[in-house]
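In what follows, a structure is listed as structure tokens, so that the remarks can point back to it.
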Amino acid sequence: MKTQSQLLEGLNTDQHRAVVTTEGPLLVLAGAGTGKTRVITIRTAHLMNEGIAPENILLVTFTNKAAREMRERLRKLCGEKAKEVTCGTFHSFCIRLIREHHEKIGLPKSFGICDSSDQLNAIKAQLRELRIAETSVNPRAAQSRISLYKNSMILPEDAFKEAEDDYDIMIARCYEKYQEYLRRSRVVDFDDFLLYTHALLRDNEDVRLQLEKQFKYVMIDEYQDTNTPQYEIIHAIVKNHRNICVVGDDDQSIYGWRGADIQKILGFEKDFPGAGKVYLGTNYRSTQEIIDAANMVIKNNSSRHEKELRSAYGSGESVSILRVEDEIHEASHICGDIRHQVGLKQAHYRDFAILCRTAQQPRAFETELRSANIPYKLIGGQSFFDRKEVRDILSYLRVIDNPADETSFLRIVNTPPRGIGKGTIDKILAKATEEGKGAYAVFKESHDANELATAASKGFSRLSDALRAAYISVQANEDLVATLRKLISDIDYHEEVARCYPDPDTAQVRWAGVDEILNFAENYQRKNGAADLNGFLQEMMLDESDNDDDDSDVVTLMTLHAAKGLEFRNVYLVGLEEGLLPHKRSAIDGNIEEERRLMYVGVTRAQRLLLMTFCTARAKFGKLQACHPSRFLFEMKGKAPPDDWVPASEV
DNA sequence: CAAAACTGCCTTTTT
DNA sequence: GGCAGTTTTG
């Protein structure tokens, strides 16, 4: 634990003020790289030095990555005491509350978590039941509308009231049915975490009081990304003691699509009259060249606080832009560059980050990095949970944990194939809807009544035996890993993987996902000393596992959204093409300014070297398509496109 | 009636 | 390029 003066030394006047203003509401407007995380962590340590117990401090971030980073820094600053500070994402904070108070909001003790892919399946099922063709309502569009409704605290009945046309009404009906489905299936989706928590605090003054008493000091990181339910939750906790410190930057608001409301940070002083305000404008992260590039881009946004970052570091290398043929060349050039620099002992692998707009871009890089033998880690993205094998096994576990989870049951009922085909499933589903029962229950009834075809009947017996055996082991609190192993072998999953992927190398890669689940289970069991399946599933869905080795010497590969709040010596900002950044979709939705902020976030991650790349062609939907350099590159260079890197025809 | 072969559709970002 | 949904085959 550091002493008071050690803690505060090296802070500039504004940072110092942000740290020592501990009482009452405080707004910290912190530009990129101005020591925001440092201020939050030092402020936390300072509070503890002032005699505030760590368990009275709540620190909220938006991504797991940021939460881990924060915890780590806090540990370095004040050692083991850091563990007692509550530090996590809104979602992890909320799910803990919901678990603890499940009966107050009418949820079963163990409930499942419906991720966005389950959500999509569920929505498709509701559309089918409503006889709405997928051609008239795109399920994905419905999904994002519903999610946006929930994140704006618009209930189904409000959605009906707000509806302006038939399409809106269809969405509202789907929303209503979807919510019924969630209740019936005893699952909650990510958006529900916030809504249930909000309802819990609104309707149970005792719970609210308890939280208010516990969390006497609250800090919110990335406040510009707060949406309405998040705001309401925090407000409920701090409204009386008003010890809330929010930190954010309107130029880095990149979650508008998730209901984040930039007005929350702009209106903070109105919400908390008399709030203190600190502006941090000195950038300690990057060279002046990098800051200049960032400023050149962001000043094109109209709705923002007028401000300009200054680099404390001073001049460095100039930022560079590279044109490459396609995404394969892009990846191989960058890998070559990394190898070269590491080979010359100029840098470590961990000094490098590759940042991209979409979650599928990393694929090309993964291939290249692997073949170049460069160690790397892929952060976020859909890597793990969207792998078929992972979803399959997790679905089994979810059905064992919660037989009412229809989506998961339907996924596994004939995976691996066991003679239960579409005909049988349709019949069961029709009966289930008619009788208002769960599919699994109806299946069992039909089976017992000998109504199933021979093949289907046999298959169901085997499935149900395997599930029951696993269920009994789980109930008896037997070793979780052993239970999983037994289940996987009961359903012949290894054979299934081998059958689906005849190439042994591919099969092995696929199987690794299954192994990873077993690893998770083992870690969970060791950490918690219990074989609680529901807890394991929930923790896994939230990616709360501490098993990432943060100081390993590897290259980081991630999306721009995942990169916010992080910094790297050398940054590659890749795929800077029209249609990708800014993304084509955002041009339609009129969110170009948010795309520009994404670009700004990317540029300001770099400390010393920034290389931006764009391709002249890129494979889209498996077909090569010509690309044009991003408008943001032109903005950065001061509108005139230099003809040395852009063919005149593309300007 | 289930499994294999085939077709047409996408894909923004996260918890 | 990959996958869900559809058609053809066994």
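Residue numbers start from 1 in every chain, and the chains themselves are labelled A, B, ... in the order their sequence lines are given, proteins ahead of strands. The figures that follow rest on heavy atoms only: side chains count, while hydrogens, waters and symmetry mates do not.
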Describe the nucleic acid contact of [X] in one word from base, sugar-phosphate, nothing, applying a heavy-atom distance below 4.0 Å.
X	result
A:K150	nothing
A:K623	nothing
A:K564	nothing
A:Y255	sugar-phosphate
A:T424	sugar-phosphate

For this session: First locate atom CG of A:L195, then atom CG of A:N151, and finally report the distance between them rounded to the nearest 0.5 Å.
Result: 7.0 Å
Exercise. Roughly how far, to the nearest 0.5 Å, is CG of A:L580 from CD of A:E595?
Worked result: 9.0 Å
Exercise. Would you find more than 12 non-hydrogen atoms of other residues, nucleotides or ligands less than 6.0 Å from A:R418 atom CZ?
Worked result: yes
The side chain of [X] lies closest to which of these nucleotides: [options]?
X	options	result
A:A456	B:dT13, B:dA2, B:dC1	B:dA2
A:T89	B:dT14, B:dT15, B:dC10	B:dT15
A:W257	B:dT13, B:dC1, B:dT15	B:dT13
A:A359	B:dT13, B:dA2, B:dT15	B:dT13

Problem set entry | salt bridge (charged side-chain N to carboxylate O under 4.0 Å, His left out) between A:R596 and A:E635, intermediate numbers included | CA-CA 10 Å; A:R596 192 174 280 112; A:E635 291 173 1; 2.7 Å; yes
For this session: Would you please determine if the base of B:dT15 is stacked by A:F62, with stacking meaning a centroid separation under 5.5 angstrom and planes under 30 degrees?
Result: no
Exercise. Between A:R363 and A:K422, who's closer to the 5' end of DNA chain C by nearest nucleotide?
Worked result: A:R363
For this session: Identify whether NZ of Lys or CZ of Arg in A:K444 sits under 6.0 Å from the centre of the six-membered ring of A:Y440 and within 45° of that ring's axis.
Result: yes
Between protein and nucleotides 3-9 of chain B, what N or O pairs are separated by less than 3.5 Å?
from  : atom 1 : to     : atom 2 : distance (Å)
B:dA3 : OP1    : A:G419 : N      : 3.3
B:dA3 : OP2    : A:N414 : ND2    : 3.2
B:dA4 : OP2    : A:R499 : NH1    : 3.4

For this session: Report the relative orientation of the aromatic rings in A:F193 and A:F190; use parallel for angles under 30°, tilted for 30 to 60°, perpendicular for over 60°.
Result: perpendicular
For this session: Just do the side-chain hydrogen bond (donor to acceptor under 3.5 Å, both in side chains) check on A:D189 and A:Y178 with the steps written out, would you?
Result: CA-CA 11 Å; A:D189 65 18; A:Y178 169 70; 2.8 Å; yes
For this session: Check the pair A:Q252, A:D249 against side-chain hydrogen bond (donor to acceptor under 3.5 Å, both in side chains), reporting the backbone distance first and the verdict last.
Result: CA-CA 5 Å; A:Q252 293 184 70; A:D249 176 8; 2.9 Å; yes
Problem set entry | Nucleotides bounding contact with chain A, strand DNA chain C, heavy-atom threshold 4.0 Å | C:dG1 to C:dG5
